[in-house]
Amino acid sequence: MPQTPNASESADVIVVGAGPAGSAAAYHLARQGRDVLLLEKSEFPREKVCGDGLTPRAVRHLIRMGIDTDGPGWHRNRGVRFFSHGAVVEIDWRENTRFPGYGLTRSRHDFDEILARRAAEAGARLHTATRVTEPVLDRAGRVRGVAARVGAGQEPAVFEAPLVIAADGVSARLAVALGVDRVPRRPMATAIRRYHHSAARHDNPYLDIWADLSAGPGSPPLAGYGWVFPMGDGRVNVGLGLVHGAPSGQPDTRRLLDAWLARTPSEWGLTDPGSADGPVRGAALPMGFSRLPHYTRGMLLAGDSGGMVSPWSGEGIAYAIEAGELAAETAATALTRPAGPSRERVLQRYPLEIHRRLGRYYRLGNLWADLQTKPAFTSFLSRRIVTSPAAMRYLTRLLVNVTDDGNGRDTPDRVVNALVRAVPAQVPRKRR
């Protein structure tokens, strides 16, 4: 259960934001015996804009956190079904030595709470209704805690720790306060979603992706895709994700959503009056390491605050959890060293390791996102690539990053891994 904070508390590490990145960081820190404060501005349960789809990469990290994904509220899927220009291509998830052979869906209405409770069960001190307003600095300009407003009365509070993990989402309030700005020309996207009742699709074994979006007849193809993800509870999550930067500018996403749904099969029931369950909600997606550096002055960035959404697919949860775990490992190791240069050397490993794991993949993905803003490329992609089962066996591995790097590799794994390794490495920005 959430605890009521005192006017001033201290810990080994403060984690700001109880989304996937923050809860994963708090869980792994607590498991290592560290005193960790997990501060969340909202009360649970809460709404969050998301497609609710969890790829095998995300499932792997949930398993590492000991999350029971077989109970009520979880819906398994076996792969992805692509729709484009009248063609339908089904690609099953392939189980390998790294990832399970299935994905999941779960509403963000309670998904984040499940992860936050898991962190609390491990020993993290969870404080909800605690809105962090700014970092607290020492005389040298190093982060030594955060200031916050607590509860309905917005009472001021200060939380102190030698290290802070900022997982405060796309607003990145703490990063901005330290002068960590967005990197120019890194991709951004907009996503909108709405729930619909659909007896025909709610228990679909595939995640449906529509790749031939356009603003209307004769209009150039759009950089993005539509989705219909089954929730298993009588509803589907329906949405659009669009990359910014197209020459024609951003379309009216709500109008585009209605126009696209009109193209879906009538038996799905997505255009029936009364099928909508709730309003359309939207959010920005900061992609491709769009905020750097990921470590500065005692603060580590994880998840959306570090622009860690995949530029290939718009997936954020898997990479947020992965970054949260890595931030926790780095912080726990750093705290075994005395304050000063020795500890700082450990902390500097965090951005280097993030880039070692994902830098080449994201650098190639940023090019992919940029190409999608070119109508000629998007037209070729939707007409020639997405409609080809052979091509999509390769492209899907790239989109969701689930290749094997061990003895279980097949030909698509080898080709995709070789392509990513061929991308020149990019050294992350230095600490400010």
Side-chain angles (χ1 to χ4, degrees), residues 1-3 5-6 9-41 44 58 60-67 112-128 130 132 135-136 142-146 148 158-169 174-175 294-306 308 317-339 342-354 357:
M1 295 293 291
Q3 301 175 20
N6 300 316
E9 290 188 46
S10 62
D12 292 335
V13 183
I14 294 170
V15 180
V16 180
S23 291
Y27 168 79
H28 288 288
L29 279 164
R31 288 274 293 176
Q32 295 185 57
R34 289 296 171 181
D35 181 19
V36 54
L37 279 166
L38 178 57
L39 310 180
E40 166 58 37
K41 65 181 179 181
F44 291 117
R60 176 196 181 202
H61 290 300
L62 295 178
I63 293 171
R64 287 177 60 81
M65 289 183 65
I67 302 292
D112 289 12
E113 182 177 11
I114 291 170
L115 270 61
R117 302 295 181 196
R118 183 64 179 152
E121 290 168 1
R125 290 185 280 150
L126 171 63
H127 296 333
T128 57
T130 303
V132 172
V136 176
R142 187 178 180 85
V143 176
R144 63 173 181 85
V146 297
V158 174
F159 302 91
E160 296 184 340
L163 294 176
V164 171
I165 297 174
D168 49 346
L174 293 177
H294 289 137
Y295 168 72
T296 182
R297 290 186 276 163
M299 186 177 73
L300 303 89
L301 308 185
D304 287 3
S305 68
M308 295 182 180
I317 291 176
Y319 302 101
I321 297 176
E322 185 169 342
E325 180 176 356
L326 178 58
E329 292 174 355
T330 305
T333 302
L335 290 172
T336 65
R337 311 290 178 86
S342 177
R343 179 179 294 179
E344 192 67 17
R345 283 193 294 271
V346 174
L347 294 168
Q348 289 290 346
R349 294 177 192 167
Y350 173 69
L352 293 173
E353 179 62 16
I354 283 282
R357 295 185 185 187

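Comment: Arg117 does not engage Glu121 in a salt bridge, judged by the lack of any side-chain N to carboxylate O separation of less than 4.0 angstrom.
Contact of the Leu62 side chain with the Ile321 side chain is registered, since non-hydrogen atoms from C-beta on lie closer than 4.5 Å. Using a 4.5 Å heavy-atom threshold, the side chains of Asp168 and Val132 count as separate. Within the 4.5 Å cutoff, the side chain of Thr130 has heavy atoms near those of the Phe159 side chain. Inter-residue side-chain proximity for Arg357 and Glu322 is flagged as met; some heavy-atom pair is nearer than 4.5 Å. In this structure the side chain of Thr336 never reaches within 4.5 angstrom of the side chain of Val346, judged on heavy atoms. The shortest side-chain heavy-atom distance between Tyr27 and Leu115 does not fall under the 4.5 Å cut-off. Counting only heavy atoms from C-beta outward, the side chains of Arg297 and Pro135 never approach each other to under 4.5 Å. Within the 4.5 Å cutoff, the side chain of Val36 has no heavy atoms near those of the Ile165 side chain.
In summary, of the residues considered (Met65, Arg34, Glu329), a side chain to side chain contact (heavy atoms under 4.5 Å, CB included) with His28 occurs for Met65 alone.
Here the straight-line distance linking atom CG of Leu347 with atom CG of Leu352 works out to 11.5 Å at 0.5 Å rounding. Interatomic distance, Asp35 CG to Leu29 CG, rounded to the nearest 0.5 Å: 10.0 Å. To the nearest 0.5 Å, atoms CG (Leu39) and NE2 (His127) are separated by 6.5 Å.
A donor-acceptor pair is defined here as one N or O able to donate and one able to accept, closer than 3.5 Å; no such pair exists between the side chain of Glu113 and the backbone of Phe44.
Surrounding CZ of Arg64 are at most 12 heavy atoms belonging to other residues, nucleotides or ligands under 6.0 Å away. Environment of CZ in Arg31: sparse, with no more than 12 heavy atoms of neighbouring residues, nucleotides or ligands closer than 6.0 Å.
Between Tyr350 and His294, the ring planes are perpendicular. Angles over 60° get that label, and only those under 30° would be called parallel.
The minimum heavy-atom distance linking Ala332 with Gln32 is given by the pair CB-OE1, 3.3 Å.
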